[in-house]
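Lettering follows sequence order; numbering is per chain, from 1.
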Amino acid sequence: MAKPKRFITTPIYYPNSRPHIGSAYTTIVADFFARLYRELAYGTYFLTGVDEHGEKIQKAAEAKGETPQQLVDEMASSFKDAWKRLGISYNRFIRTTEKSHEKLVREILMKVYEKGDIYKDVYEGYYCVSCERYYTEKELLPGLLCPYHHKPVEKKRIDAYFFRMAKYRDELLAYYRENPQFLPPKYKEEILNKMKDLKDICISRPVNQVSWGIRLPFDEEHVAYVWFDALLNYMSGLDDKMQFWPPDLQFMGKDILWFHAVLWPAMLISAGFALPKREIAHGFLTVDGKKMSKSLGNVVDPLEMAEKYSADTLRYYLLTKLPFGDDGDFSRAVFKEAHNSELLGHYGNLANRLVKLWHRVAGKAEIEQEGKLAVDECFAKLESLKAKIEELAASNDVESLLPFYANDVFMDGVGAINAYLNEKEPWRLEPSEAEPILRQALEAFLYVSTLLKPLLPASTSKIFSSFGYEPCVSELELGATLSKVKTIPKELFLFKRVE
RNA sequence: AGCGGGGUAGGGUAGCCUGGAGUGCCCGCCGGGCUCAUAACCCGGAAAUCGGUGGUUCAAAUCCACCCCCCGCUACCA
């Protein structure tokens, strides 16, 4: 029977600046799972992209003397470049200015409108004349002052369209009950509390205020206001591959969970589509206990960290050193130690140690081994690692997979090989005695490295290209890998020490 | 304010739902081993009143109550 599919998404990011550590975090987490499921031969579709509409883009473009389209083109390239440097293996990069996306949004809006779930009403907000825009009360400074001009705003009423979200309250609650995986446990109570007072939501702005957006198909004087536009990327991004529908794992920061957990499924129920399986929220990063902010000057640039250490180091740090789902503190000291002591010390050193030993002691580069290698029984537990990964992946147990990879796959897997070498001391033996021991260790190393592909894609890729053979987890068999490699490199430096 | 999340050795974490000796992991530190390897690797050790107080229980990091500290959310903000 064919493996099931996994449709994995990140939010589409608002491209008003280069990717920051938060969007990198979400994207790297999603990429880890996308790579993992591909390794396990699931039909996998990994979608990310940018949210290009809205007033801020419009204003930013005006300020730069560009058209909004020029601006978003630049920003989209910047994001794609960043993801490339971080090794993000998305299948599709969706931009909401794509014609096909705009078409789909209008179709869905029409569908929902015809169903009677959209109605016109009055939106009351705080308007700043200088900014020419509306603010929510929360955005304003105390005393109802505009945050930019520090001037009083006025309460103003405009016509706008509303989506009948409250209508779907009971259906949503039933869905939560029947699909206990849908909401992240940590935020479930919060969502349920808010559901008690569920209101309809405004989904439009008049064109004269925001022109950079998708026009409502039933009223061209209004544009779709953000979320209705943005959330539908998860559908338009599939293009003609609707067989992947619905999303299986939707990753995001905890700040936008509410929209994904409530508005998004309500929209889908209204439009008549199956609902996503899991919404997964991660926490935010602080720096040395303080909130990251430009004014404090403590913003962590993911690309800078990846460049100074390696893309894999950034990924390893974010995936294994932070408590997933809770806020975590970004520590440069821990980051550096993770690189030098763990990645380089345990793993990188082992790689080089092994291949050099091989050439030194066994003294031959060709592999004479035919067929399957009888692997030393102390490595037999490696097979249980693979079994456990398959089990956790099948149940979408994302919370357990990350610590399992950190402790069991990386630490125990790599540690077992280092300990094996220390115990057997092949460097003291005659070549004929050392060779079988090194075979065992190399086989185990390749096995563990295959398991580590989702966690450390760049390093493992380097390993397998050096050996001239790359297995994937679903076909992995202990004892059957070393005989397939083309060569054993003379040396193998996976990480550089950073002082 | 309301609602929610967190507070576990010097640092970072897992465990908490489904109570059972402070049990695990990483870094750092101390001692030993090894010297093949990017001063890396292996073994051993010290170090925690599991935020505080009280309660339930034969038994609590784990369940309950209250308190203290940190953080987030509060929707028409993308």
Side-chain angles (χ1 to χ4, degrees), chain A residues 11-16 50-57 96 121 123-125 134-139 160-163 165 185-194 196-205 213 225-227 229-231 254-259 262-263 283-284 286 289 291 317 320-329 331 333-338 340-342 344-346 348-361 400 402-404 406-408 410-412 414-415 417-423 425-428 434 438 491-497:
Chain A
I12 47 175
Y13 303 109
Y14 204 64
N16 49 9
V50 281
D51 177 13
E52 302 186 305
H53 287 131
E55 192 175 14
K56 281 183 188 164
I57 296 287
T96 55
D121 204 339
Y123 167 66
E124 197 173 65
Y134 287 86
Y135 287 99
T136 56
E137 199 168 333
K138 180 189 159 194
E139 289 178 286
Y161 287 89
F162 288 74
F163 171 59
M165 186 158 65
K186 288 215 164 76
Y187 303 100
K188 188 173 183 174
E189 283 305 312
E190 198 163 333
I191 298 287
L192 291 179
N193 269 316
K194 286 195 213 171
K196 289 175 188 159
D197 186 29
L198 190 60
K199 290 181 225 148
D200 291 345
I201 187 167
C202 178
I203 57 156
S204 77
R205 280 294 151 88
Y225 201 44
V226 294
W227 287 103
D229 173 355
L231 286 165
K254 61 183 182 178
D255 54 331
I256 55 174
L257 176 64
W258 193 85
F259 296 97
V262 183
L263 171 60
F284 286 157
T286 54
K291 209 170 163 180
Y317 179 85
T320 70
K321 297 292 161 194
L322 297 175
F324 189 76
D326 293 321
D327 289 347
D329 193 45
S331 156
V334 173
F335 192 100
K336 184 176 165 184
E337 290 306 325
N340 285 335
S341 298
E342 300 182 22
L344 192 158
H346 288 251
N349 180 59
L350 173 64
N352 195 234
R353 184 187 192 191
L354 266 177
V355 298
K356 284 198 170 169
L357 258 177
W358 173 265
H359 285 102
R360 179 190 165 108
V361 177
S400 302
L402 291 171
F404 184 74
N407 293 330
D408 300 83
F410 185 86
M411 285 301 167
D412 291 352
V414 173
I417 304 169
N418 272 320
Y420 179 79
L421 289 177
N422 277 45
E423 187 204 327
E425 302 184 315
W427 50 89
R428 308 182 90 146
L438 292 175
E491 57 176 27
L492 191 48
F493 293 95
L494 300 179
F495 302 95
K496 277 187 198 139
R497 171 162 287 277

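In this structure, A:I256 reaches neither bases nor backbone, as no heavy-atom distance under 4.0 Å exists between it and the strands shown. Counting any heavy atom pair closer than 4.0 Å across all strands shown, A:D51 reaches sugar-phosphate atoms only and no base atom. If you check every strand for non-hydrogen atoms under 4.0 Å, A:F495 touches a base. Across all strands shown, A:K496 has no heavy atoms under 4.0 Å from either base or sugar-phosphate atoms. Within the 4.0 angstrom heavy-atom criterion, only backbone atoms of the sugar-phosphate kind lie near A:G345; the bases stay farther away. Residue contacts for A:K188: at a heavy-atom cut-off of 4.0 Å it reaches no nucleic acid atom on any strand shown. Counting non-hydrogen atoms under 4.0 angstrom, A:F163 reaches nothing in the nucleic acid. Residue A:A419 is classed as a sugar-phosphate contact, given heavy-atom separations below 4.0 Å to backbone atoms only.
The main-chain N or O of A:G415 is never found under 3.5 Å from a side-chain atom of A:Y420 such that the two would form a donor-acceptor pair.
Side-chain N/O atoms of A:N349 include none lying less than 4.0 angstrom from OP1 or OP2 on B:rU38. The side chain of A:R497 contributes an N or O atom lying less than 4.0 Å from OP1 or OP2 of B:rA40. An OP1 or OP2 oxygen of B:rC36 is reached within less than 4.0 angstrom by no side-chain nitrogen or oxygen of A:H359. An OP1 or OP2 oxygen of B:rC77 is reached within less than 4.0 angstrom by no side-chain nitrogen or oxygen of A:Y14. Here A:R205 reaches the OP1 or OP2 of B:rC77: one of its side-chain N or O atoms lies under 4.0 Å away. Proximity of A:R428 to the phosphate of B:rU35: a side-chain N or O atom is located under 4.0 Å from OP1 or OP2.
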Atom pairs under 3.5 Å: protein N/O with N/O of nucleotides 29-31 of chain B:
none

Could you go through nucleotides 10-18 of chain B and list every protein N or O atom that sits under 3.5 Å from one of its N or O atoms, giving the distance for each pair?
from	atom 1	to	atom 2	distance (Å)
B:rG12	O2'	A:K321	O	3.3

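The two residues A:D329 and A:L322 come nearest to each other via the heavy atoms O-CD2, 3.9 Å. Taking all atoms of both residues into account, the shortest heavy-atom contact from A:F163 to A:L263 is CD2-CD1, 3.8 Å. Listed here is the closest heavy atom pair of A:L257 and A:Y187: CD2-CB, 3.4 Å. Counting all heavy atoms, side chain and backbone alike, A:I12 lies closest to A:A230 at CD1-O, 3.5 Å. Between A:N407 and A:M411, the shortest heavy-atom distance links the atoms O-CB, 3.1 Å. A:Y317 and A:V334 get closest at one heavy-atom pair: CE1-CG1, 3.7 Å.
Base-pair partner of B:rA37: not found among the strands shown (Watson-Crick or G-U wobble, both distances under 3.5 Å). Nucleotide B:rG2 has B:rC73 as its partner under the Watson-Crick or G-U criteria, with both atom distances under 3.5 Å.
What separates CG of A:L350 from C1' of B:rC42 is a distance of 12 Å, to the nearest Å. Here the C1' atom of nucleotide B:rC41 and the NE2 atom of A:H346 are 9 Å apart, to the nearest Å. Between A:K186 atom NZ and B:rG72 atom P there is a gap of 17 Å when expressed in whole angstrom units. Distance, A:E425 CD to B:rA37 P: 14 Å, rounded to whole Å. For A:F162 and B:rA75, the CZ to C1' distance is 12 Å, given to the nearest whole Å. Between the OH atom of A:Y420 and the P atom of B:rC42 there is a distance of 16 Å, rounded to whole Å. Between A:K356 atom NZ and B:rA37 atom P the separation is 7 Å, expressed in whole Å. Taking atom CG on A:L494 and atom P on B:rA37, their separation rounds to 16 Å, with Å as the unit.
With a 4.5 Å cut-off on side-chain heavy atoms, A:R353 and A:W427 count as touching. A 4.5 Å side-chain heavy-atom check between A:I256 and A:W227 finds at least one atom pair inside the cut-off. Between A:N349 and A:F495, every side-chain heavy-atom pair lies at or beyond the 4.5 Å cut-off. Between A:K199 and A:M165, every side-chain heavy-atom pair lies at or beyond the 4.5 Å cut-off.
Rounded to whole Å, the C1' atom of B:rA46 lies 27 Å from the corresponding atom of B:rG20. Spacing of P atoms, B:rC77 relative to B:rC3, comes out at 25 Å, to the nearest Å. Separating the C1' atom of B:rA21 from that of B:rG2 is a span of 42 Å, rounded to the nearest Å. Comparing B:rC73 with B:rC41, their P atoms are spaced 41 Å from each other, to the whole Å. Rounded to a whole angstrom, the distance from the C1' atom of B:rU23 to that of B:rA61 is 11 Å. The C1' atoms of B:rC58 and B:rG19 are separated by 12 Å, rounded to the nearest whole Å. Comparing B:rA48 with B:rG11, their C1' atoms sit 13 Å apart, to the nearest whole Å. Here, B:rC34 and B:rC42 have their C1' atoms 7 Å apart, quoted to the whole Å.
Interatomic distance, CG of A:L421 versus CG of A:L350, reported as 6.5 Å (0.5 Å rounding). How far CG of A:L494 is from CG of A:L344: 8.5 Å, rounded to the nearest 0.5 Å.
In this structure, A:Y187 and A:F259 both approach RNA chain B, and ranking their closest nucleotides by distance from the 5' end singles out A:Y187. Between A:P185 and A:M411, the residue anchored closer to the 5' end of RNA chain B is A:P185, taking for each the nucleotide with the nearest heavy atom.
A:R360 contributes no side-chain N or O that forms a donor-acceptor pair with the base of B:rC36 under 3.5 Å.
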